[in-house]
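A short worksheet on the structure shown next.
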Protein chains: 2
Amino acid sequence: MKITLRQVEIFVAVADAGHFGRAAEALEISQPTVSQEVSRLERALGVALLDRSGRSAKLTQAGEAMATEGRQLLTHANQVVREVQLYEPSRIRTARIVASPSVVNRLLPAVISRAEQSLSSVRIEDVLVDTGGVTARLVSEHADIGLGRFLDATEGYESEVIVREQVFVAISRKHPLANAAHLELPELGDLPLLLWPREQNPAYFDYLLEICTSRGLSPLLLVSPPRIVGSRLYLLSESRAFSLVSAALIGHLPEDLIAIPLAQPATLALEMQWRSSDNRPQLTALRDLIREVASAG
Amino acid sequence: MKITLRQVEIFVAVADAGHFGRAAEALEISQPTVSQEVSRLERALGVALLDRSGRSAKLTQAGEAMATEGRQLLTHANQVVREVQLYEPSRIRTARIVASPSVVNRLLPAVISRAEQSLSSVRIEDVLVDTGGVTARLVSEHADIGLGRFLDATEGYESEVIVREQVFVAISRKHPLANAAHLELPELGDLPLLLWPREQNPAYFDYLLEICTSRGLSPLLLVSPPRIVGSRLYLLSESRAFSLVSAALIGHLPEDLIAIPLAQPATLALEMQWRSSDNRPQLTALRDLIREVASAG
DNA sequence: TAATTTTCATAGGCTAAGGCTATCTAAACT
DNA sequence: AGTTTAGATAGCCTTAGCCTATGAAAATTA
């Protein structure tokens, strides 16, 4: 059997923490996994690294050696990665992203910062913001990766749901129902639903409306002026109305709004889209990173 | 995503060979696996390592860097393993093996040489040879690992089949049937079956006999003198008789004998046994190695 | 330039490494 | 002795790393 960088990483964490449980926390994995992988490393080496007689993680002499050497090996590995990324040879060093406004606000900051940390070979150059025309921007070659809801399936383009989020009702804190644990939509009575003009993204528009009607509410509609991108919620603060928002937006609500779960839950999918033929490693890696960030919540 | 030592190893092989297919051969894996793992490495790095425009594996600048750095990283990793194995702390540096004669001859040489190469933490000290009493030697603490056929299941001891081999008829090259592609046992007529004294390993003895009777041959028995361990086959050269042997022995037959497959195939299991409580990494590692050698044929 | 060969990529399936939760055992502290 | 704490064990799930079979494209030959 052979040793793995992962096993070394885990063992080093244990050596650092002097403790399996704390090592597990530090690595954000479970304690049994740490136990298991340390044992695997020991049997791959054929050497006892820890003295299990007590209940603390005391290193044997070999363990000390492994910790020291292991740290160096991990550093070396990271060094190699950074080194190689400097030689990025492709003419296209930069990735261009189109995204709908809400996505831009919440997902992209994390993506950009993580990309700077660990993907020195990719630079995110343009970020286009477009509510309806995400797919169109891909097709017209203005962007390499599209992010949004209810994107158009198009020949030659892959699209994939990267996360599904719970739908919440956004409403003024002053509303009588503001403190409810969850909400049956009909309780809202004739409070109007704030939406953007349908043409901007008809499928999305219809889906939110469908959520209401299928739960027994045929709401009045309050349509926001076109082109007031990203500010639907601020408009909501001003008006007596409610809206439906995804879980990820909860942290970004204006002060005077509150998000309440639906009694009958519904979800909203966030999709990523790209040219099928585009398998440049820089972009594949960036797509991987976006998936990771999205599913980390 | 993170890079793996294995991915680096595979990429380095490609760089060395200048060719996916030949790299696959060198690593003894399939070509698609090489393709796949190289792509994975590229996307983990976010960098193109190879120029795929032609049909040869031309390295990009980043690829050159990865090859050089990668070779160093692999060397470093091996170095770490050797380094750590020097500090083997356990008092029991040595493993003691009991095995039946045929196993000693064919399996152990490979095990010992592989252990010296890659398990510097383990030294195989005693090799006891005992036809019948393998389990007894474990129980009496004379050995740590037992290898043989039809071992006795005993409380507190694990045992495990490590390989199943085809059974062949061993017979003189001068026998009229010596050139048959395969053999119905009754064709042997009243040629006697050479076996050791039943007491040495009754279950094994009975099993071989059962193979004959279930195929319609109730052979005469020629019983070898006790304690002539490992020489059943040489005895066979001298006498007009046949015997049943496992596939692994074919290469080790005396010149004047030949091995013929059975028309109705049968198999023979080789087992490994050890104290359940014995999980010293040195021995766990050695058991892993034995499994590997056994299944590699 | 059309056919053939060579070489890498893609598709789909299997196995085991690496992850999880739940639970057990044993050391250490009242 | 009883309780708490830490690590090991058991049983399950998901996906990396492997396979075979097949496809597509570059290079070679007819």
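Just so it is clear: chains get the letters A, B, ... in the order the sequence lines come, proteins before strands, and each one is counted from 1.
Computed from coordinates, the Asp288(B) CG to dA17(C) P distance equals 9 Å when rounded to whole Å. One can place CD of Glu292(B) at 19 Å from P of dT15(C), the figure rounded to the nearest angstrom. If you take CZ of Phe20(A) and P of dG7(D), they are 6 Å apart, rounded to a whole angstrom. Rounded to an integer number of Å, the gap from Glu25(B) CD to dC8(C) P is 11 Å. In this structure, CZ of Arg40(A) is placed 14 Å from P of dA8(D), rounded to the nearest angstrom. Look at CG on Leu27(A): it is 13 Å from C1' on dG19(C), rounded to the nearest Å. What separates CG of Leu41(B) from P of dG17(D) is a distance of 11 Å, to the nearest Å. Taking atom CD of Glu42(B) as the reference point, atom P of dA16(D) lies 17 Å away to the nearest angstrom.
At a cut-off of 3.5 angstrom, the base of dG18(C) holds no donor-acceptor pair with the side chain of Arg6(A). Residue Gln31(B) places a side-chain atom within donor-acceptor reach of the base of dA9(C), judged by atom type and a 3.5 Å distance cut-off alone. One can find a donor-acceptor pair under 3.5 Å joining the base of dC18(D) and the side-chain atoms of Gln36(B).
Between Ser35(B) and dC8(C) there is no side-chain polar atom (N or O) within less than 4.0 angstrom of OP1 or OP2. Side-chain nitrogen and oxygen atoms of Ser30(A) include none within less than 4.0 Å of the OP1 or OP2 phosphate oxygen of dT21(C). Regarding contacts with the backbone of dC19(D), a side-chain N or O of Thr33(B) is found under 4.0 angstrom from either OP1 or OP2. In this model, the phosphate group of dT5(D) is not approached by any side-chain N or O of His19(A) to a distance below 4.0 Å at OP1 or OP2.
Counting non-hydrogen atoms of neighbouring residues, nucleotides and ligands closer than 6.0 angstrom, the CZ atom of Arg164(B) reaches no more than 12 such neighbours.
Across all strands shown, Ile10(B) has heavy atoms under 4.0 Å from sugar-phosphate atoms exclusively, and none from any base. Within 4.0 Å (heavy atoms only), Ser39(B) reaches no atom of the nucleic acid at all.
Using a 3.5 Å distance cut-off with no hydrogens or angles, the side chains of Arg6(B) and Thr4(A) do not pair a donor with an acceptor.
With hydrogens and angles ignored, the 3.5 Å screen pairs no side-chain donor or acceptor of Thr267(B) with any backbone N or O of Gln166(B). Side-chain N or O atoms of Gln31(B) include none that pairs as donor or acceptor with a backbone N or O of Gly21(B) at under 3.5 Å.
The pair Arg22(B)-Asp16(B) does not count as a salt bridge, with every side-chain nitrogen at least 4.0 angstrom from each carboxylate oxygen.
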